[in-house]
A.B. asks: 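Okay, here's the structure, questions in a sec.
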Amino acid sequence: MSRDPHAPPLSGVMILAGPYVSADLRASLREHRLPVFCTSADVDPAGLGPGLLDAAAATALVRAGARVLTNSENALDWLVGAAAGTPLAAWVAACKDKARTRELLRPLYPDFRFRTLATAALPGWEPADMPFPFVIKPAVGFFSLGVHVVRDRDDWRRVQGLLADDLASTRGQYPDSVLDPARLLVEEVIVGDEYAIDAWYDDDGRAVITNILHHPFAHTASVSDRVYTTSVALLTRWLHPFTTWLEEVGALTGVRGMPVHVEVRVRPDGRIVPIEINPQRYGGWCTTADLARHAWGFDPYASFLRDERPDWPAVCRDRDDRSWSIVVLDNGTGVPGADVKGFDFDGLAARFARVLDCRPVDWRRYPLFGFLFVETPAGRESELAAILADDLRAWLA
């Protein structure tokens, strides 16, 4: 990690909200003695270090231009309120709404087809102005909840019913600012390999990447978040192209001093097309940033808040014999979470060469069983292919 020794000291603040604050993040807050504010009572303040702030102190830091990082989209309502009238609030609003993001980036993608649709209009809407195949999803969404690929007109009839059920089943799991069931985004399918990027913009608009992960799919119709993998080969291949693209986006939007979690697809012609740009955080549920600590040995939280940039050639040295992955144990079993009595995490973990962390989730409240962080030696990639296609029914108790 490197920082200009002559630069003035930075002030930064971590804004925490539920549903999850990892042990890794708590350790980072203690180690770096970072200021932290908890927006909700579902965050246990124990073990967060000496920097706990009240709302007034946190608001003052935000409005004074401190760097701000959140662990969860659930913190955005508080942050936008605290930053009301500032460029930060405007950037968050523009990024969080996927339709507004598309409008903002239209100069880079003038031919990209998309439109918004009120959910109430869903039963009677016909896709006359949107050629098949297309994607339909909440305009304000999270994970792949409510995301569907529509292949043809017959598929559209099927998806209409599924989408209505999806939106009804997720109501109340997240605030409307995180997952809003009232408005949908309809857009063309982006063909190509999918990647997730954790990065931040400095005060001059330069992009600093802290992780890059490949997001494979079991088949072309899948929208599952099951596996995200990073490696030296992946990082080496995409660090420069993705940094250049992020800076093109930053130049167009004027974003400064903001962390982002970006999902993109790279078309066969090499064109990088965004799926979504998530502001003020890395991957949800403390996933991608914590995996970077395991894979790369540096702290992405401190990287942004303390203006410390990864020295990637040094970071990647002697790490090219393995890869690291997040395995998202989403509930694709067909069994409602309320009816699941237990999940065999130990049995599933035994299928992998090395499990770095196992994080169960309350599957009765959220549509997933938990997360695994795994390290895969070269030659053992078949274990990732196997879990990618696993519906997880065999692991239900």
Side-chain angles (χ1 to χ4, degrees), residues 12-26 28-29 34-48 52-55 58-59 61-62 67-84 88-89 91-98 101 137-147 166-167 169-183 196 198 225 258-263 276-290 300-301 304-305 328 330 337 359-368 370-371:
V13 58
M14 189 82 197
I15 308 297
L16 299 181
Y20 181 74
V21 181
S22 70
D24 283 349
L25 175 52
R26 290 175 180 273
S28 177
L29 295 173
L34 295 170
V36 57
F37 171 63
C38 303
T39 67
S40 54
D42 59 350
V43 176
D44 183 356
L48 294 178
L52 280 172
L53 304 174
D54 61 19
T59 299
L61 277 176
V62 170
R67 289 192 173 185
V68 181
L69 179 60
T70 72
N71 70 310
S72 168
E73 297 206 357
N74 291 8
L76 291 183
D77 276 351
W78 182 91
L79 178 57
V80 169
L88 174 62
W91 290 331
V92 169
C95 290
K96 183 53 196 162
D97 186 321
K98 295 179 177 65
T101 303
K137 57 188 176 183
V140 177
F142 184 59
F143 271 160
S144 292
L145 300 175
V147 179
D166 285 350
L167 297 177
S169 66
T170 58
R171 193 177 300 275
Q173 290 181 357
Y174 299 96
D176 286 351
S177 59
V178 175
L179 179 64
D180 185 356
R183 196 163 55 95
D198 282 348
D225 287 319
M258 174 183 283
V260 289
H261 175 74
V262 182
E263 297 181 9
E276 60 187 35
I277 301 174
N278 298 285
Q280 297 304 139
R281 67 169 175 88
Y282 299 133
W285 291 79
C286 298
T287 50
T288 56
D290 285 3
Y301 304 111
F304 171 65
L305 293 175
V328 182
D330 52 313
R359 299 179 175 181
V361 166
D362 183 355
W363 57 77
R364 297 168 186 84
R365 184 177 180 189
Y366 299 101
L368 67 159
F371 302 89

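Being a predicted model, the structure only gives us computed values, none of them experimental.
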A.B. asks: Write down the atom of N74, the atom of G18, and the distance for their closest heavy-atom approach.
C.D. replies: ND2-O, 3.1 Å

A.B. asks: Under a 4.5 Å cut-off applied to non-hydrogen side-chain atoms, are W78 and V62 in contact?
C.D. replies: yes

A.B. asks: Heavy-atom distance under 4.5 Å between the side chains of T39 and D77, does that happen here?
C.D. replies: no

A.B. asks: Any idea which heavy atoms bring L53 and A58 closest together, and the distance?
C.D. replies: CD1-CA, 4.1 Å

A.B. asks: Drop me the distance from I277's CD1 to E263's CD, to the nearest 0.5 angstrom.
C.D. replies: 11.0 Å

A.B. asks: Do you know which two heavy atoms are closest between A75 and A17, and how far apart they sit?
C.D. replies: N-CB, 3.7 Å

A.B. asks: Could you report the tightest heavy-atom contact between C286 and N71, atom names first, then the distance?
C.D. replies: SG-CB, 4.4 Å

A.B. asks: Is there a side-chain contact between Y20 and S22, using heavy atoms and a 4.5 Å cut-off?
C.D. replies: yes

A.B. asks: If you take all heavy atoms of C38 and L52, which pair is closest and at what distance?
C.D. replies: SG-CD2, 4.2 Å

A.B. asks: How many angstroms lie between CG in L16 and CG in L48, if you round to the nearest 0.5 Å?
C.D. replies: 6.0 Å

A.B. asks: When the ring planes of Y301 and Y282 are compared, do they come out parallel, tilted or perpendicular, using 30° and 60° as the limits?
C.D. replies: tilted

A.B. asks: Does V68 offer a backbone N or O that forms a donor-acceptor pair with the side chain of Q280 under 3.5 Å?
C.D. replies: yes

A.B. asks: Roughly how far, to the nearest 0.5 Å, is the CZ atom of R281 from the OG1 atom of T288?
C.D. replies: 8.0 Å

A.B. asks: Just wondering, do W285 and V328 contact through their side chains at under 4.5 Å, heavy atoms?
C.D. replies: no

A.B. asks: Looking only at non-hydrogen atoms, find the nearest pair between D330 and L368 and report the distance.
C.D. replies: CA-CB, 3.7 Å

A.B. asks: Measure the spacing between CG of D290 and CZ of F371 and express it to the nearest 0.5 Å.
C.D. replies: 11.0 Å

A.B. asks: Are any side-chain N or O atoms of N278 and backbone N or O atoms of H261, one a donor and one an acceptor, separated by less than 3.5 Å?
C.D. replies: yes

A.B. asks: Which distance, rounded to the nearest 0.5 Å, do you find between the CZ of R26 and the CE of M14?
C.D. replies: 11.0 Å

A.B. asks: Calculate, to the nearest 0.5 Å, the distance between atoms CD1 and OG belonging to I15 and S72 respectively.
C.D. replies: 12.0 Å

A.B. asks: Please collect all salt bridge (Lys or Arg N to Asp or Glu O under 4.0 Å) contacts where either partner lies in residues 34-46, sequence neighbours excluded, each pair once.
C.D. replies: none

